[in-house]
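In what follows, chains are A, B, ... by sequence order, proteins preceding strands, each numbered from 1. Heavy atoms only: backbone and side chains are in, while hydrogens, waters and symmetry mates are out.
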Amino acid sequence: MNEKLLQPYNPKNTEERVYAVWEKSGFFNPDVCIEKGIASRNSQVFSIVLPPPNVTGVLHMGHSVMLALQDAMVRFNRMAGKKTLWVPGVDHAAIATQSVVEKKILKEEDKSRHDLGREEFLRRVDIFTKESHDTIVNQVKRMGASLDWSREAFTLDEKRNRAVRVAFKKMYDDGLIYRGLKIVNWDPKMQTTVSDDEIEWEEETRPFYYLKYGPFTIATARPETKFGDKYVVMHPKDKRYSNYLHGQKIELDWINGPITATVIKDNAIDMEFGTGVMTITPWHDAADFDIAERHQLDKEQIIDDKGKLLPIAGEFAGQHIKKARPMIVEKLQSKGLVEKIDEKYVGRIATNSRSGGIIEPQIKCQWFVAVNKKFKLEHSKIEGLKSGQQVTLRELMKHVVESGEIRIIPEHFQKIYFHWIENLHDWCISRQIWYGHRIPVWYKNEVVGAANASPEDMRVCPPTPLGDDWKQDEDTLDTWFSSGLWTFSTLGWPDETEDLKTYHPTAVLETGQDLIFFWVARMILMTGYLRGEVPFKTVYLHGIVRDKEGKKMSKSKGNGVDPITMIEKYGADAVRMSLIVGWGPGSDMKISEEKLKAYKHFANKLWNIARFVMSNIPEEGVEKPKTVTKENALSLQEFEMLTEEVSLDLREYRFHLASEKLYQYIWHTFADIIIERSKKSITDGSDVEKLSAQWLLYTLLRDCLKLLHPFMPFITEELWSITQKSKLPLMVESWTKKIS
RNA sequence: GGGCGGUUAGCUCAGUUGGUAGAGCGCGUCAUUGACGUUGACGAUGUCAGAGGUUCAAGUCCUCUACCGCCCACCA
């Protein structure tokens, strides 16, 4: 018997070695599999892209879950003989990365990015991301992920940059990307816009002021924005104010002296709320902006990009709004303009989820993707949409899920997806940060930042215009713009490469449920538009990993469980199993060390099963005996049923069931019943009984290793090399081979 | 304000199309020192949140209620 089996299983001494063998074999690469006859050129295809982890990050439990699930899918399909490709990559994660590097430089050198300048700052980011890249990649490998590293991609490398430029240009030419002066979410802390989806709303109890505005009482939580308010708005049907007419002018005394206010009647007013009258601040409130647009009213900026009051605030000009607020209230009070203050008003505060900066809406000239504009869909391969048909991006996104061309698991996320689409607005894609894909637009004659640049003064590349008088747009693109191209930009698009033809659309996108809007929806949008097809046929969403108490893991709370520490303690296979067994898609999971421990025990059990089997069969191996006893034949039948069930579960994305069934079977049927029974047959049984029992043990061991391989690749591979004479690694053994 | 989930054994959760309630951990009793104590055998524990309905049959389908959680939203 192999000496390794005399020792207990030691994941530490095994995992790194086994991974090296896999990598060296080249079998992570489907081209090698075809070359070596593992898969054939016309085999079915199974492809996935790895949701790229942030380049600056370290592995967390969420990554471990996705790696465990995706690797299980990939290994199963590879063993089933499909041409199987899993594409790795990392994400430049624009805002997150820039923010990390900025903080680092501030801490170490006490310098801001502006002190360094754009070029130098970006150089620093590059250095940082290169170092950081290797960390995350090595951590991914430790989970056992069978990714084809020869195809690794980066969301911000030259190839992806080309894809971004081509996509941008096409969308611009089709009128789906436009530049416009609109109200956007401005983060004064990071000095950039952010999209609606990146905003987090928090409830906060704060004072609510009822102010005298001429003959009216208006209510506001933000008196510091009210300096320029010169429109007073009410509902046209509000009888309380029926003697005021739309457009009527009213003279009144306001914060900094007498003003002329204009009455506006608009249906957006809620008669039940406050006094049913409000003044508007179109520059700093999205709802007010819309009212102003509807009636073509003036808009004035009150607060600058840094959160300081502008000259319109009179004596308060130059002060930060936070500091100025109490003084403004004081002045209003001294003028007798404050009617009452409700101290218990619960309002909402918008913050940038990345930086924590409090959002101040601002009107800015930005780039947007138009989601409600019709365009001509070219080369459609989408069911139910013809080439040349006019659709909007929003319709497209809805259609492919509604028609079932994309299946979302668990199913109820469809409803969440549709609900989101109902509320979808144009997507602001320009960011004022430096790290990211620079907007491929060039200007001359100083029209940078102007809303109405003429075509002569603005070029969208490719091609990049020549000449010194052209200046590139300073802004970069929202990181999700390039992420939206990920399934095909990784395969060579915009070139029609062999990879693209073979592996796109991908089979499945497996990711966290929190990414359904950010990423999943945007991939559907981009792929539908640019390729007339879907990016993937199935979306599998896993839930959030929580700690034992059910709290979300986070760095700041310090309650995060570090996967690498867990791998060292319990082995990667145990970590993988504990993240898959009994965890249905879409629901949150509490992880505890007890669970990890349980699967370490399971690995040990398996190891000992192998030891028992190998020490109870002849050294030279076993042949199928002429006579198989009835009970052994029955056991075999039972196992064949299990194989069927597990295979079906794997095909249907029921990993939590497949893995649990295997655990149950191996421990409580194979070990507890079949092995126990075989002891008698081997020691006291007839020759027929003995040979039959030995053969069954050996057969079951071999095939259990196969079935378990997608979930616990390291230990099964190790046992395979110890117990089997095969020259090929288990990872490319044939799954479906009938039990002989 | 709109939407989506969850509520099953002490704890963590399964339960795929409706067909006599399951697993792991924990607990109890016993066994076993030549596969494994990271063990084995046996066992206890549930009006499947509550109410109503459909059905021969409901944890599973429908309606309502309660509590918990999440997402979306321009109530100033």
Side-chain angles (χ1 to χ4, degrees), chain A residues 1 5-6 8-9 183 196-197 199-201 208-211 218-222 225-226 229 233 268-282 285-291 345-348 350 361 410-425 513-514 516-517 543-544 546 548 550 552 570 574 578 581-584 586-595 597-616 645 648-649 652-654 656-661 663-664 667-668 671-673 675-676 678-679 683 697:
Chain A
M1 194 171 63
L5 277 182
L6 298 174
Y9 176 57
I183 191 150
D196 296 344
D197 295 298
I199 283 181
E200 252 164 39
W201 292 90
F208 197 53
Y209 306 92
Y210 287 80
L211 306 177
I218 58 153
T220 182
R222 300 196 62 197
T225 66
K226 299 274 132 192
D229 288 15
V233 192
I269 301 298
D270 179 356
M271 290 188 269
E272 308 291 312
F273 187 84
T275 55
V277 186
M278 68 175 198
T279 59
I280 56 168
T281 314
D285 185 289
D288 295 1
F289 177 85
D290 284 350
I291 293 172
Y345 173 75
V346 180
R348 295 191 316 154
E411 213 172 323
H412 74 258
F413 272 89
Q414 271 199 21
K415 292 182 195 163
I416 295 174
Y417 177 82
F418 289 137
H419 187 246
W420 178 79
I421 287 182
E422 291 301 312
N423 293 308
L424 193 60
H425 299 293
Q513 48 149 345
D514 48 333
I516 185 165
F517 310 133
I544 297 166
R546 297 173 179 281
K548 222 159 83 184
K552 207 169 163 176
Y570 302 104
S578 69
V581 178
W583 189 15
S587 52
D588 291 357
M589 171 200 241
K590 292 176 198 166
I591 185 84
S592 62
E593 286 206 40
E594 284 84 73
K595 194 169 180 189
K597 215 160 114 188
Y599 293 102
K600 185 181 163 64
H601 294 176
F602 180 56
N604 176 71
K605 187 75 184 180
L606 184 67
W607 190 259
N608 279 297
I609 288 170
R611 182 195 293 176
F612 178 84
V613 172
M614 296 318 282
S615 59
N616 281 286
E645 273 183 55
L648 188 66
D649 283 338
E652 293 293 319
Y653 299 98
R654 297 189 292 252
H656 60 301
L657 298 186
S659 53
E660 187 165 359
K661 282 174 191 166
Y663 177 95
Q664 281 301 313
W667 200 312
H668 299 298
D672 290 348
I673 297 173
I675 286 185
E676 288 306 321
S678 76
K679 286 177 182 170
T683 50
L697 289 180

N/O donor-acceptor pair, side chain Lys605(A) with base rC36(B), under 3.5 angstrom:
yes
List in numerical order all residues of residues 271-280 of chain A for which some heavy atom is under 4.0 Å away from an atom belonging to RNA chain B.
Phe273(A), Gly276(A), Met278(A)
Categorize Leu5(A) for me: base, sugar-phosphate, or nothing, with a 4.0 angstrom heavy-atom threshold over every strand shown.
nothing
Check the phosphate of rG5(B) against Lys415(A), side-chain N and O only, distance under 4.0 Å to OP1 or OP2. Yes or no?
yes
Residue-phosphate contact under 4.0 Å: His656(A) side-chain N/O, rG15(B) OP1/OP2:
yes
Rounded to the nearest Å, what distance is computed from the NZ atom of residue Lys590(A) to the C1' atom of nucleotide rG69(B)?
11 Å
I want to check something: taking the side chain as every heavy atom from C-beta on, are Ile675(A) and Leu697(A) in contact at a cut-off of under 4.5 Å?
yes
Ignoring the backbone of Asn608(A), work out which of rA14(B), rA73(B), rC36(B) is nearest its side chain.
rC36(B)
Applying side-chain contact (heavy atoms from CB on, under 4.5 Å) between Arg611(A) and each of Val613(A), Asn608(A), Ile609(A), report the one that passes.
Asn608(A)
Applying a 4.0 Å non-hydrogen cut-off, can you work out what His419(A) is touching in the nucleic acid: base, sugar-phosphate, or nothing?
base
Any idea how Phe602(A) and Trp667(A) line up, ring-wise: parallel (<30°), tilted (30 to 60°), or perpendicular (>60°)?
parallel
So which heavy atom on Tyr9(A) is nearest to which on Ala603(A), and how close?
CD2-CB, 4.3 Å
Side chain of Ile675(A) (C-beta onward), nearest among rA14(B), rA35(B), rA76(B)
rA35(B)
Short side-chain to backbone donor-acceptor contact, Lys600(A) and Tyr570(A), under 3.5 Å
no
According to a 3.5 Å limit on both distances, what stems of 3 or more consecutive Watson-Crick or G-U pairs are formed with RNA chain B?
B:1-7 with B:66-72, B:10-13 with B:22-25, B:27-31 with B:39-43, B:49-53 with B:61-65
Nearest non-hydrogen partners of Asp285(A) and Pro361(A), listed with the distance
N-CB, 4.1 Å
NA contact type, Lys679(A), heavy-atom cut-off 4.0 Å: base, sugar-phosphate, or nothing?
base
Of rA73(B), rA76(B), rU16(B), the nucleotide closest to the side chain of Asp649(A) is rU16(B)
On a whole-Å scale, what distance lies between the C1' atoms belonging to rU29(B) and rU20(B)?
28 Å
By nearest atom, which of the nucleotides rU16(B), rC36(B), rA76(B) is closest to the Phe208(A) side chain?
rA76(B)
In the structure I gave you, are the side-chain heavy atoms of Glu645(A) and Leu657(A) within less than 4.5 Å of one another anywhere?
no
Would you call the rings of Trp420(A) and Phe517(A) parallel, tilted or perpendicular, taking 30° and 60° as the class edges?
parallel
Atom pair NE2/NZ of His668(A) and Lys605(A) - distance to nearest 0.5 Å
8.5 Å
Residues, nucleotides or ligands: over 12 heavy atoms within 6.0 Å of Lys597(A) NZ:
no
Gap between atoms CD1 and P, on Ile609(A) and rU38(B) respectively (whole Å):
17 Å
Distances under 3.5 Å only, N/O to N/O: pair up the protein atoms with those of nucleotides 24-28 of chain B.
residue : atom : partner   : partner atom : Å
rG24(B) : OP1  : His668(A) : NE2          : 3.3

Integer-rounded Å distance: rC74(B) P and Asp270(A) CG
15 Å
Between the main-chain N or O of Phe612(A) and the side-chain N or O of Asn616(A), is there a donor-acceptor pair closer than 3.5 Å?
yes
When you measure only distances, ignoring hydrogens and angles, does the side chain of Arg654(A) come within 3.5 Å of the base of rA14(B) through a donor and an acceptor?
no
Quick one: which of rU16(B), rA35(B), rC72(B) gets closest to the side chain of Phe517(A)?
rC72(B)
Take the protein atom CZ of Arg348(A) and the nucleotide atom C1' of rG2(B), then report the distance between them rounded to whole Å.
12 Å
Tell me whether the OP1 or OP2 atom of rA76(B) has a side-chain N or O from Tyr345(A) closer than 4.0 Å.
yes
Under 4.0 Å, heavy atoms only, any strand: does Asn423(A) hit a base, just the sugar-phosphate, or nothing?
sugar-phosphate
With a non-hydrogen cut-off below 4.0 angstrom, is Ser587(A) in contact with a base, only sugar-phosphate, or nothing?
sugar-phosphate
So Asp514(A), base contact, sugar-phosphate only, or nothing? Heavy-atom distance under 4.0 Å.
nothing
Find which nucleotide of RNA chain B each of Phe413(A) and Phe602(A) is nearest to by heavy atoms, and output the residue with the more 5' nucleotide.
Phe413(A)
Gap between atoms NE2 and C1', on His425(A) and rC72(B) respectively (whole Å)
10 Å
Rounded to the nearest 0.5 Å, how far does NZ of Lys226(A) lie from OH of Tyr209(A)?
13.0 Å
Residue met sooner reading RNA chain B from 5', once Trp420(A) and Glu645(A) are mapped to nucleotides:
Glu645(A)
Atom P, compared across rG2(B) and rU17(B): separation rounded to whole Å:
30 Å
Rounded to the nearest Å, what distance is computed from the CH2 atom of residue Trp201(A) to the P atom of nucleotide rC70(B)?
18 Å
Taking CG from Asp588(A) and P from rU12(B), how many angstroms apart are they, rounded to a whole number?
14 Å
Does any part of the side chain of Met278(A), heavy atoms only, come nearer than 4.5 Å to the side chain of Thr220(A), both counted from C-beta?
no
Side chain to side chain, Met589(A) and His656(A), heavy atoms closer than 4.5 Å
no
Once you apply a heavy-atom cut-off of 4.0 Å, does Ala610(A) come out as touching a base, just sugar-phosphate, or nothing?
nothing
What nucleic acid atoms does Tyr209(A) come within less than 4.0 Å of, heavy atoms only: base, sugar-phosphate, or nothing?
nothing
With rounding to the closest Å, how many angstrom separate the C1' atoms on rG22(B) and rU8(B)?
10 Å
Distance, P atom - from rA73(B) to rG6(B), rounded to whole angstrom:
23 Å
Length of the line joining Glu411(A):CD and rU17(B):C1', which is rounded to integer Å
12 Å
Short question: side chain of Asp588(A), backbone of Ile544(A) - any donor-acceptor pair under 3.5 Å?
yes
